[in-house]
Amino acid sequence: MTVENTPHTTMSAISSPVPYGGFWRRFWAFWLDSVVIALIPAICCLGAGFWLIWKHIGTAPNTQDETWVMLWAGLFYLLWCLIGFVCSWLYFALLESGKHQATWGKRLLGLKVVGAQGQRISFARASGRFFAKMVSYAIFYIGFIMMPFTNRKRALHDMLADTYVVKESFQPGQPLPPTPSHIGLLVAVIILLFGVYAGLIGVSFLTAAHQNQSNARLAAAQMQLIRQDKENWQEIPGVEQMSFFVDTENNIYASFSSNGTDYLFALTADADTVCCLNNTRQCQAVDVPPCL
């Protein structure tokens, strides 16, 4: 009897429709869940923020009040992040291990999370699945993007937690049929993504370096104009973000910030060229000689 049923069970598993949730269905479910999760920290922190603003309406501004407002704003931001993280964890872990085995977004899209045998997962495993997503975030979302190309439509956090996302109609005890494993295509996609990310990082560095050099040339030109014409030099565009000043010895200085670095240039009374008061590496990066 066992020998006769084995082929039948295998054929049933092969011919049955694949129950796994597809990439776009899971994407839209996650998007809906993100909207729901964002509401709780928004209500808590924005409510506190509006209370703080209301408290200071009509009061005379002073430096101490402004400092406290900035501190409270920073505290609200940290509170927002903390509440958001905790709410996300409990939202996914409780609902995916609960009666419906799915978050509200997954339920709307007809999905649920199951274990290796198609069973309901525990809260601990659901929590592990949530924290495993941090790995996918850390590697530029590749853990999510790999899902359409893996066997049984699993993202990286599914593999780490040994879970599956299936359609709502799937019942415990049904076999989990395999899907084609396009491992070659997956490797190609990962290599392509890393190449794109590396290219974008390289372009951003080149753009920042070019911007620094442009700002340095502009500052040097302005300092020469100040020496030649102390009345009309401010009419040239680009000096709004720079500070120029002249000391009692007629030395001209320019300070400005570019891409997170503060620069200080000098044009001494007995020199014709602008020099850089930053460290040697920063001066070389903007092609301005360091001051001796």
Side-chain angles (χ1 to χ4, degrees), residues 13-40 42 84-85 87-121 125-172 174-197 199-200:
I14 295 174
S15 61
S16 62
V18 177
Y20 306 112
F23 177 82
W24 288 111
R25 185 178 291 200
R26 290 179 63 174
F27 171 83
W28 289 115
F30 183 77
W31 185 84
L32 291 171
D33 289 330
S34 300
V35 173
V36 173
I37 294 168
L39 293 177
I40 297 176
F85 184 80
C87 287
S88 298
W89 163 47
L90 294 177
Y91 175 83
F92 282 99
L94 289 172
L95 292 180
E96 289 179 351
S97 64
K99 176 183 177 181
H100 299 284
Q101 301 173 247
T103 58
W104 293 340
K106 285 186 176 68
R107 289 184 64 186
L108 286 173
L109 273 296
L111 299 172
K112 64 181 179 180
V113 180
V114 300
Q117 304 301 321
Q119 80 280 17
R120 174 177 164 183
I121 63 175
R125 176 161 294 189
S127 297
R129 185 176 186 273
F130 171 78
F131 290 111
K133 293 178 184 178
M134 306 299 122
V135 180
S136 295
Y137 293 130
I139 57 174
F140 308 109
Y141 296 89
I142 290 177
F144 297 101
I145 298 172
M146 64 186 286
M147 187 265 291
F149 308 102
T150 56
N151 195 27
R152 298 184 176 182
K153 304 293 184 181
R154 303 172 82 189
L156 181 59
H157 53 277
D158 291 316
M159 296 179 182
L160 294 175
D162 195 20
T163 58
Y164 301 83
V165 177
V166 297
K167 295 175 183 176
E168 194 174 25
S169 58
F170 179 83
Q171 298 299 321
Q174 286 184 241
L176 287 168
T179 56
S181 180
H182 307 291
I183 189 65
L185 182 58
L186 173 62
V187 172
V189 169
I190 291 175
I191 293 174
L192 177 62
L193 287 173
F194 271 117
V196 170
Y197 287 133
L200 291 174

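No hydrogens, no waters, no symmetry mates; every other heavy atom, side chains included, goes into these values.
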Below 6.0 angstrom between ring centroids: does that apply to F130 and H157?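 Aromatic pair excluded; centres sit 6.0 Å or further apart.
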Could you tell me the separation between the [atom1] atom of [X] and the [atom2] atom of [Y], rounded to the nearest 0.5 Å?
{"X": "S97", "Y": "R125", "atom1": "OG", "atom2": "CZ", "answer": "12.0 Å"}
{"X": "I37", "Y": "S88", "atom1": "CD1", "atom2": "OG", "answer": "4.0 Å"}
{"X": "D33", "Y": "L109", "atom1": "CG", "atom2": "CG", "answer": "9.0 Å"}
{"X": "K112", "Y": "K167", "atom1": "NZ", "atom2": "NZ", "answer": "13.0 Å"}

With sequence neighbours left out, write down each residue that passes side chain to side chain donor-acceptor pair (under 3.5 Å) with S127, or none if nothing qualifies. W89
Ring-face cation of K133 near F92 (centre distance under 6.0 Å, axis angle within 45°):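 Cation-pi check for K133 and F92: passes.
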For the CD atom on Q119, are there more than 12 heavy atoms of other groups (residues, nucleotides or ligands in this structure) within a distance under 6.0 Å?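 It does: Q119 CD has more than 12 such atoms within range.
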Does Y141 OH have over 12 foreign heavy atoms under 6.0 Å away?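 It does not: Y141 OH has 12 such atoms or fewer within range.
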Quick check: do [X] and [Y] have side-chain heavy atoms less than 4.5 Å from each other?
{"X": "Y20", "Y": "F170", "result": "no"}
{"X": "V113", "Y": "I121", "result": "yes"}
{"X": "Y164", "Y": "D158", "result": "no"}
{"X": "M159", "Y": "M147", "result": "no"}

What closest approach, in Å, do R26 and G21 show between heavy atoms, and which atom pair accounts for it? CD-O, 3.7 Å
Closest heavy-atom pair, Y91 versus G105, reported as atoms and distance to 0.1 Å, is OH-N, 3.9 Å
Tell me whether the rings of Y137 and F144 are parallel (<30°), tilted (30 to 60°) or perpendicular (>60°). tilted
Residue from V165, D162, T163 passing side chain to side chain contact (heavy atoms under 4.5 Å, CB included) with R154: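 With R154 as partner, side chain to side chain contact (heavy atoms under 4.5 Å, CB included) holds for just one option, D162.
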Apply salt bridge (charged side-chain N to carboxylate O under 4.0 Å, His left out) to the pair E96 and K106, showing each step before the final yes or no. CA-CA 9 Å; E96 289 179 351; K106 285 186 176 68; 3.0 Å; yes
Kindly determine whether Q101 and V114 satisfy side-chain contact (heavy atoms from CB on, under 4.5 Å), including the steps that lead there. CA-CA 7 Å; Q101 301 173 247; V114 300; 3.6 Å; yes
Is the side chain of R25 donor-acceptor paired with the backbone N or O of L111 at a distance under 3.5 Å, no angle test? no
